[in-house]
Structures are given as structure tokens and as C-alpha cells.
Amino acid sequence: MSNSTPKAAISPRRDEDFPEWYQQVIRAAELAEPSDVRGCMVIRPWGYGIWENMQRQLDALIRATGHRNAYFPLFIPLSYFAKEAEHVEGFAKECAVVTHYRLKLDEEAGLVPDPESKLTEPLIVRPTSETIIGASYAKWVQSYRDLPILINQWCNIVRWEMRTRLFLRTTEFLWQEGHTVHETETEAREETKRMLGVYETFVRERCAIPVFAGLKSDSEKFPGAVETMALEAMVQDRKAIQAGTSHFLGQNFARASGIQFQTREGKQEFGWTTSWGMTTRMVGTVVMAHGDDDGVVLPPRIAPTHIVILPITTREETRANVLETCDRLAAELRAKRFLDDVVIEVEVDRRDLGGGVKNWEWIKKGVPLRVEIGPRDLEKNSVTVSRRDQPVKNKESMRLDEFTARAPEILVSIQDSLHTHAKEFRDANTHEINSKKDFYDFFTAKNPSKPEIHGGFALAHWNGSREIEEQIKDDLKVTIRVIPLDDSSEPGQCIFTGEPSARRVVWAKSY
RNA sequence: CGGGGCGUAGCUUAGCUUGGUAGAGCGCGUGGUUUGGGACCACGAGGUCGGAGGUUCAAAUCCUCUCGCCCCGACCA
């Protein structure tokens, strides 16, 4: 076999067809697969392991900010859901509705919902839980002394989407939704911002993805919210993807659900609520942000396995010795920690498979470190180490004890390099744009029939009007992703109208 | 839900225009040869050609309906 032109493990390459590449990666890495249920996916152990890591770590951050987990019903009575007008308008189109509670065997039609069992009031499957949680909060909140209420829930939700894509948009997905009630507007606004900050930390530190944090424009905000804040990440086709949102709900939902309390002055007032969420979409975001033409590349902090040890047992006489060395190394590594407290997960792959096949499987799955140990390593008391953030052919021979000692710092170095790389990519494709023509050029593919990867984030002045947003969306499929919170931008003129603009906003095509 | 494309073995697919009841590569199993590597050889398992109806002596191939998937649009985390 000639290896002069190394072939990539995933076909097509990212630059050939990004959406298809994405699907192939998800499959090759065994993250998930489409299920027999329309629009729903099966999350396989490797993909679910990534989610569990995200979940565990984000959960710790959520707890550290004073929130506690609870669980509310999957089903929401239609009348509860109907209470907030904007909310209904936003979600009604994608609600699964439960109308019966029993099946019946019909002669002709087979198993059908029993007409006798029709619910007097239909239930909807939660697309989000503001209204059902609000009903509980209304009971729990009597006095300002009951506030704040700081609760989070991990659950599945259902949004009946037209088009689905593994992890990025499925009918059912997993997420975390925080719901809080506060005594004052200020507190609630602070909470909204605090949780956005938690997400920002999580996404940057753990997922190694840089983001722009900011406000959504009115047209993009959560149905029923006063203000929505979001994080926007850039993935490798230069499109934006939302990586966590936090909503200041004002008193809208409190009014709808009757969350009222007696103030310090003895008056009745509606509570100030917030909600915030992050979903399994983050798994897809990591794939698209860090993956390469050989598959997934996982940041160590969310990888289910950090180090895979590949015994080279081609010679029978050294086999036992090699395996024993592998097990010993695994045990030593497992006893270590990186970044102070992260347990190192190690797997010795002793499956009876061709070495090359095994190696490539782990490459496609994105394990941060691969370590080969064979007879030649035994003689030299060394190991052969490959980092997933470096080309497949780069192998480094290292003394065994040196590797054991350095493994934690190598993992940290991979974590850092992924973030640096993602940030460089994001920054290289983020441009200040100062004229309408440049803007249109920036977001127009050179090859309209088969658009190449183009565009990116445009930082441009905007007059704040919805009409302009809609115009741009119609023309280019580009939207305002976020109005950044930082105040680094100078005032200027809207590039579309020439009107005054307080600051630049982030524009992009998005998922 | 609109526009386009596609459903043939686990995956990728040939065959369909010009009907004659399936062929390949990869993967899988067994045996052997190899061995720091996604190897090679031999043998083998696996398909009611998405489903239903129709035309026909005969349908993967033609017709009708239906289901599902992918891409683009509308909508969204």
C-alpha cells in the first residue's frame, strides 16, 4: 500500500461538502444514528458519553451558582400552555399533542386510539417548561421571603421540526432548562447575565470553543421573553451556531402563571422570572468546530476516553509482556489527574482486530491521545504517542515513565491547542464590514450552483430596525446573531441606511 | 409545507432509457499468509431491488398511489 498521498478517513472532505461530511463523521464515530422514529435520533454510547460529560460539568457550574435540580412533568395541559400569548405564537406550530389515553383493537384499522378515551383537555408534550413550572412556582411563592427560586431541570423536550439533522435539530432532544423567580427586575437581569456567563465559561473552557456573547434582536428572541441573550460560536463552514441562551422574562410569565408575592412593603407584586438552556446540540457544535477530515476531534475535558492504549501483539512471544505493560500503564494513568481534578479515562483496546483498523477507529472517534506499545517499545522501555490534534503520521516515541508523568500536561496542551485553533479560525473569518456592497459580497458565494464555504461573521453597524433585518435575511439568509455585550465598538453609521448606529452587531448565516 | 434529488445486502453502489425473476467494492464469517498496522489469498454467509396496487406470459426496470431519507427554502436550540 502506498501512503504517499494519505487519504482522509472521512469522505467527502469538509471543503467538498460540509453537511455531508458532518453526517459521515457522526456515523463513523458512532456518535448517533437516525432512528426508525421520524426526526428522532439514537444517541450511541460514544455520543452519549460526550453528553454525559457536558452534563456533569455544566451541572456542577449550575449548582455552584446556587441552583438545585428538580423535575417537572413531560405533559403540559393545553390551557396552561395557552396562558402566554407570544409563547403560544412561537411554539404552537411545533407541538406534539396527546389526545387519548388508551388504545383499542379495531377489526379493520388495527390498533387505534380508543374514541372512548379522549382526554377532556389535550396535553402537549413540553417544547419548553415555563408554563408548567410556573404553575408550581405560583403555589410556592407567597412572600418575598420565598425568593429567589433557583431551579434547574435536565430533561427531554419535543419540538416537531420540519427538517432534522443529527444533534443539530431533532424532534426530541435533551437539554437543561433553568427557571428562576426573583424579587426585583435588577436581580432577574443579573441572573440572566450570570447564567450566560456560566455557559460562556463552559463552552470556552470545557468545549474549547470561543463565542460572541450578546443580546438577540427582537426578531430572534425567545417567544414571551423581554430580552434574550445568547452565545454564538463559529463552526468550520463559517456559519454561526447558538451555544446556549438565557432569557429575561420580565413579569410576562409570572403574570400568565400567577406567580405573585407580598413585598417587603406588604404589596402584591408579580415575580421577575428568567429561563436559560443548553442542549445536545452542543455535541454537534463540538464536532463541527473541531472535527477534521479524519473525523471527530474531542477536547480532552469532554472526551469519554482520554487515552487509548493499543497493544501491538503481533509476536506471540512478547504478547503477554506487552499486555501486562499496557495494563500497568493504564493503572498508573488512571491514578493521575489533569487540571487538578479531572480523572484520566484510559482504555486498553485488546480487541482481536488489525492494528491499523483499531487505530483508525479511535482516530475517527476523536480520542485525544493514542499510545502504542509493542515489542520494540518494551526493549527501549518506551511508548509511541499520537495526539489527535496533530496529523495522523506524527508519532512521538517517549520513555514510558516520562509519558506517565507528562500525560496530564499533554492533555491540557491538546485542550488549549483546540481552543487556540478554533479562535484563530473564528478571528480569521470575522471582519468589520463598512459598506453595503462589501457586506453583500462577503455573504455571496462565488459559485452559486454549488456554493463553496464562504462568509463568516460580519461586524457591521445597523440602525436597529426590523425592516433591515428582514431585508438582509430575504436577500442573503444572513441574520443578526448577537448584539455584543462588551462595549468595545465605536458608534458609527448603519451600512444599509446611513443612519446613526450605537455599535456594530454580529451578522452571519446560521444553523 | 413549497422546489429539487434519492430509496437495490451493514455501507457505497451497477443494472432501469431498450422488461426476461440481481452484480461489484468495502464490511462480515472461516481457514491460511502477513504483521508497528486501515495488508493479502482462498472459501463462504448475506438482497422477496422502501411499501402497496396495476400493466404484462414475465417488473428492480413501465404506470399509479404511498412511506421514508437527503439538499435548498420557510421555522427553530
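Reminder, nothing fancy here: chain letters follow the sequence lines and each chain counts from 1. Only this structure's heavy atoms are used, side chains among them; waters, hydrogens and symmetry mates stay out.
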For this session: Examine the base of B:G36 for any acceptor or donor lying under 3.5 Å from a partner atom in the side chain of A:Asp377, and report the outcome as yes or no.
Result: yes
Problem set entry | C1' atoms of B:A52 and B:C57, separation to the nearest Å | 23 Å
Problem set entry | Test: A:Glu469 and A:Arg466 ion pair at under 4.0 Å | no
For this session: Identify, with sequence neighbours excluded, every residue that meets salt bridge (charged side-chain N to carboxylate O under 4.0 Å, His left out) alongside A:Arg189.
Result: A:Glu185, A:Glu227
Problem set entry | Nearest-angstrom distance, P atom, B:G44 to B:G4 | 47 Å
Exercise. Expressed in angstrom and rounded to an integer, what is the separation of A:Gln24 atom CD from B:U13 atom C1'?
Worked result: 13 Å
Exercise. Salt-bridged, A:Glu200 to A:Arg204, with N to O below 4.0 Å?
Worked result: yes
Exercise. Can you find an N or O donor on one side and an acceptor on the other, under 3.5 Å apart, linking the side chain of A:Thr384 with the base of B:G36?
Worked result: yes
Exercise. Which value, in whole Å, describes the distance between the P atoms of nucleotides B:G47 and B:G15?
Worked result: 23 Å
Exercise. Would A:Phe222 and A:His87 count as a ring pair (Phe, Tyr, Trp, His ring centres under 6.0 Å) if you check the C-alpha gap in whole Å, the side-chain angles of each, and the deciding distance to 0.1 Å?
Worked result: CA-CA 8 Å; A:Phe222 178 77; A:His87 195 59; 5.7 Å; yes
Exercise. So what does A:Gly374 hit on the nucleic acid, given a heavy-atom distance under 4.0 Å: a base, only sugar-phosphate, or nothing?
Worked result: base
For this session: For RNA chain B, list all stems, counting runs of three or more consecutive pairs where every pair is Watson-Crick or G-U wobble with both distances under 3.5 Å.
Result: B:1-7 with B:67-73, B:10-13 with B:23-26, B:28-33 with B:39-44, B:50-54 with B:62-66
Seminar exercise, completed: Given protein heavy atoms under 4.0 Å, the one-letter contact record of nucleotides 71-77 of chain B, with B base, S sugar-phosphate only and - none, is simply SBBBBBB
Check the interface with nucleotides 7-10 of chain B: list each N/O to N/O pair with the protein under 3.5 Å, or write none.
none

Problem set entry | Spacing between A:Trp160 atom CH2 and B:C1 atom P, to the nearest angstrom | 13 Å
For this session: Mind telling me whether A:Phe457 and A:Phe212 have parallel, tilted or perpendicular rings, with 30° and 60° as the class edges?
Result: tilted
Exercise. Can you tell me how far C1' of B:C70 sits from CG of A:Leu166, to the nearest Å?
Worked result: 12 Å
Problem set entry | A:Thr228: partners by side-chain hydrogen bond (donor to acceptor under 3.5 Å, both in side chains), with sequence neighbours left out | A:His247
Problem set entry | CA sep, side-chain torsions, deciding dist, call: A:Gln471, A:Glu467, side-chain hydrogen bond (donor to acceptor under 3.5 Å, both in side chains) | CA-CA 6 Å; A:Gln471 183 66 56; A:Glu467 291 69 46; over 6 Å; no
Exercise. Using the P atom in both, what is the distance from B:A24 to B:G38, to the nearest Å?
Worked result: 26 Å
Problem set entry | Atom-pair distance (CD1 on A:Ile26; P on B:C11), nearest Å | 17 Å
For this session: Could you measure between the two C1' atoms, the one in B:U17 and the one in B:C63, and give it in whole Å?
Result: 15 Å
Exercise. A:Trp360 has an atom CH2; how far is it from atom P of B:G36, in whole Å?
Worked result: 17 Å
Exercise. Between atom NZ in A:Lys364 and atom P in B:C11, what is the gap in whole Å?
Worked result: 15 Å
In residues 379-386 of chain A, what donor-acceptor pairs under 3.5 Å come from side-chain atoms, sequence neighbours left out?
unit_1, atom_1, unit_2, atom_2, d
A:Ser382, OG, A:Asp377, OD1, 3.2
A:Thr384, OG1, A:Asp377, OD1, 3.1

Exercise. Less than 4.0 Å between a side-chain N and a carboxylate O, is that true for A:Glu324 and A:Arg328?
Worked result: yes
Exercise. Reckon A:Pro34 touches a base, only the sugar-phosphate, or nothing at all at heavy-atom distances under 4.0 Å?
Worked result: nothing
Exercise. Can you name the residues that form a side chain to side chain contact (heavy atoms under 4.5 Å, CB included) with A:Ser510, not counting sequence neighbours?
Worked result: A:Ala240, A:Thr479, A:Arg481
Exercise. Could you give the CE-to-C1' distance, from A:Met41 to B:G68, as a whole number of Å?
Worked result: 19 Å
For this session: For B:A22 versus B:U61, give the span between their P atoms, rounded off to a whole number of Å.
Result: 13 Å
Exercise. Using the C1' atom in both, what is the distance from B:U56 to B:G20, to the nearest Å?
Worked result: 12 Å
Check residues 304-316 of chain A and write down every donor-acceptor pair under 3.5 Å in which the side-chain atom is one partner and the other belongs to a residue at least two apart or another chain.
unit_1, atom_1, unit_2, atom_2, d
A:His306, ND1, A:Glu345, N, 2.9
A:His306, NE2, A:Pro300, O, 2.8
A:Glu316, OE1, A:Arg319, NH1, 3.2

For this session: For nucleotides B:A9 and B:C49, find the distance between their C1' atoms and express it as a whole number of Å.
Result: 10 Å
For this session: For A:Glu172, enumerate each residue passing the side chain to side chain contact (heavy atoms under 4.5 Å, CB included) test, keeping only those at least two apart in sequence or located in another chain.
Result: A:Cys40, A:Asn156, A:Val158
Problem set entry | Partner residues of A:Asp474 under the side chain to side chain contact (heavy atoms under 4.5 Å, CB included) criterion, sequence neighbours left out | none
What are the atom names and distances for every N/O pair under 3.5 Å that joins the protein to nucleotides 26-30 of chain B?
none

Exercise. Salt-bridged, A:Asp327 to A:Arg350, with N to O below 4.0 Å?
Worked result: yes
For this session: Quick one: which residue pairs count as a ring pair (Phe, Tyr, Trp, His ring centres under 6.0 Å) with a foot in residues 371-393 of chain A, not counting sequence neighbours?
Result: none
Exercise. Just checking A:Arg27: base, sugar-phosphate only, or nothing, at a heavy-atom cut-off of under 4.0 Å?
Worked result: sugar-phosphate
Exercise. How close or far is atom P of B:G38 from atom CD1 of A:Ile312, stated in whole angstroms?
Worked result: 12 Å
